[in-house]
There are 2 protein chains.
Amino acid sequence: MILKSQVEWALHCCAILAGLPEGRYLSTKALAELHGLPKEYLSKALQSLSQASLVDTTLGPSGGYRLARSPSEINFLDIVEAVEGKARSFTCTNIRENNPCRPAGYCDSKPCAVARIMWEADEAWRDTLRRVRLSDLVGILSEEVRPDLWQSTFEWVLKRAG
Amino acid sequence: MILKSQVEWALHCCAILAGLPEGRYLSTKALAELHGLPKEYLSKALQSLSQASLVDTTLGPSGGYRLARSPSEINFLDIVEAVEGKARSFTCTNIRENNPCRPAGYCDSKPCAVARIMWEADEAWRDTLRRVRLSDLVGILSEEVRPDLWQSTFEWVLKRAG
DNA sequence: GTTTTGCGGATATTCTGTATCCTTAATTTG
DNA sequence: CAAATTAAGGATACAGAATATCCGCAAAAC
Ligand code: SF4
Ligand code: SF4
């Protein structure tokens with residue numbers, strides 16, 4: 001069980017978009033270059049963010065992406081689910097139905113305990129991600145990243161933001 | 001991100017093994033038949049449990065598997081990690097190293113905030129699974145499964161247990 | 001009108017999960 | 001002892017998902 005690398009990409013891109021001045025856009029090209037990622041494929045991740053209404057887009061030169069809401073109104077789960085999907089990590093194939101001892105026509109009223117426990121763990125994972133806001137991430141990064149790198153990165157970004 | 005179906009299989013098999021009388025073994029053949037699973041492939045899952053020292057095995061006719069410890073000393077995480085592996089679900093490909101603004105020779109002292117937050121969620125998932133013991137599962141199942149089915153299943157099992 | 005951009009569809013490639021088969025060694029049964 | 005049964009592990013095939021690239025389209029900027 002492993003998350004797609006697009007999750008990492010999307011999180012990093014959102015962190016960058018969170019630092020954009022009001023009303024400006026940043027293109028896929030710039031984001032791909034900044035992170036050293038395949039432009040065409042990163043585009044798919046950004047499209048996922050767009051479909052989840054996490055980002056606004058505009059076309060044409062000087063077009064690109066910007067956050068649809070403030071970084072404090074977007075949490076990690078929003079971003080992760082946009083890319084990874086909302087499906088639970090444990091899928092029940094209902095193997096208990098194959099039990100040869102089962103009376104014919106026996107109908108299970110609810111999902112069995114195994115599934116419920118696995119889903120509970122899944123919910124704990126989601127809860128943790130839900131509690132971390134994009135603004136929290138930006139706060140941590142701005143403290144941890146070396147100031148000169150932090151600054152030159154955003155100069156680099158602003159030069160390319162439409 | 002989806003868990004392998006072997007996880008479900010392993011959990012169900014352990015629940016059955018937990019109901020075996022002291023010292024008896026149950027074969028792959030019986031477990032596969034009971035759950036309607038491909039015997040050869042289920043065998044791989046059981047081998048994982050064996051490698052993780054969760055079950056004891058013995059060869060020959062009347063051989064098979066039994067729990068290596070009491071059901072109260074085995075938790076969900078033990079079983080899940082045995083078949084799914086202990087790797088974290090989020091893998092960091094360190095894309096920040098591609099930042100063109102990076103000073104040459106810049107060395108990151110620690111994993112970045114994105115990775116740490118994702119790993120924290122992973123830990124929450126594991127914690128939840130760690131807190132549920134196999135004996136808890138058996139307790140719930142014995143209450144929820146219709147008594148006649150519960151009983152006939154274990155009669156079926158005992159008839160095949162070596 | 002030309003360029004740039006996001007978007008979606010189509011396609012190819014690589015990797016993982018699923019599944020089967022076969023050999024070997026240990027153990028029970030007769 | 002001989003035959004049957006079992007777990008273990010290696011080899012291999014198959015299916016589906018993740019990764020990646022390419023193309024055509026419509027909207028926006030200039
Ligand atoms: S016991 Fe639970 S997890 Fe297993 S098949 Fe039934 S519903 Fe699914
Ligand atoms: S920012 Fe974190 S998750 Fe992203 S590449 Fe760097 S270390 Fe990995």
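Order of the sequence lines fixes the chain letters, A, B, ..., with proteins taken first and strands second; residue numbering starts at 1 for each chain.
Remark: B:E84 engages A:M1, B:L3, B:K4, B:V7, B:V80 in a side-chain contact (heavy atoms from CB on, under 4.5 Å) (not counting sequence neighbours). The side-chain contact (heavy atoms from CB on, under 4.5 Å) search around B:Q51 returns none, not counting sequence neighbours. Under the ring pair (Phe, Tyr, Trp, His ring centres under 6.0 Å) criterion, B:W125 pairs with no residue, sequence neighbours left out. Under the ring pair (Phe, Tyr, Trp, His ring centres under 6.0 Å) criterion, A:W150 pairs with A:F154, not counting sequence neighbours.
Regarding A:L37, its CG atom lies at a distance of 15 Å from the C1' atom of D:dT21, rounded to whole Å. A:I2 has its CD1 atom 15 Å from the C1' atom of C:dT14, to the nearest Å. Taking atom CD on B:Q47 and atom C1' on D:dA11, their separation rounds to 14 Å, with Å as the unit. Spacing between atom CD of A:E84 and atom P of D:dA18 amounts to 7 Å, rounded to whole angstrom units. One interatomic measurement links the two molecules: CD of A:Q51 to P of C:dG6, which rounds to 15 Å at whole-angstrom precision. In this entry the distance linking CG of A:L46 with C1' of C:dG6 reads 10 Å, nearest Å. Residue B:L49 contributes atom CG, which lies 13 Å from atom P of D:dG9 at whole-angstrom precision.
Put simply, the side chain of A:N75 gets close to the backbone of A:D78: a donor and an acceptor are under 3.5 Å apart. At distances below 3.5 Å, not a single donor-acceptor pair connects side-chain atoms of B:R133 with backbone N or O atoms of B:I74. For A:R102 (side chain) and A:N98 (main-chain N/O), no donor-acceptor pair under 3.5 Å exists by modelled atom type.
A:E8 and B:T93 share a donor-acceptor pair across their side chains, judged by distance under 3.5 Å alone. Side-chain contact check for A:D148 and A:Q151: no donor-acceptor pair (N or O, by modelled atom type) lies under 3.5 Å.
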Pairs: protein N or O with nucleotides 18-20 of chain C N or O, under 3.5 Å:
residue: C:dT18; atom: OP1; partner: B:S5; partner atom: N; Å: 3.0
residue: C:dT18; atom: OP1; partner: B:S5; partner atom: OG; Å: 3.0
residue: C:dT18; atom: OP2; partner: B:Y41; partner atom: OH; Å: 3.4

Could you go through nucleotides 4-6 of chain D and list every protein N or O atom that sits under 3.5 Å from one of its N or O atoms, giving the distance for each pair?
residue: D:dT6; atom: O4'; partner: B:G60; partner atom: O; Å: 3.2

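A close approach under 4.0 Å does occur between a side-chain nitrogen or oxygen of B:T57 and OP1 or OP2 of D:dA8.
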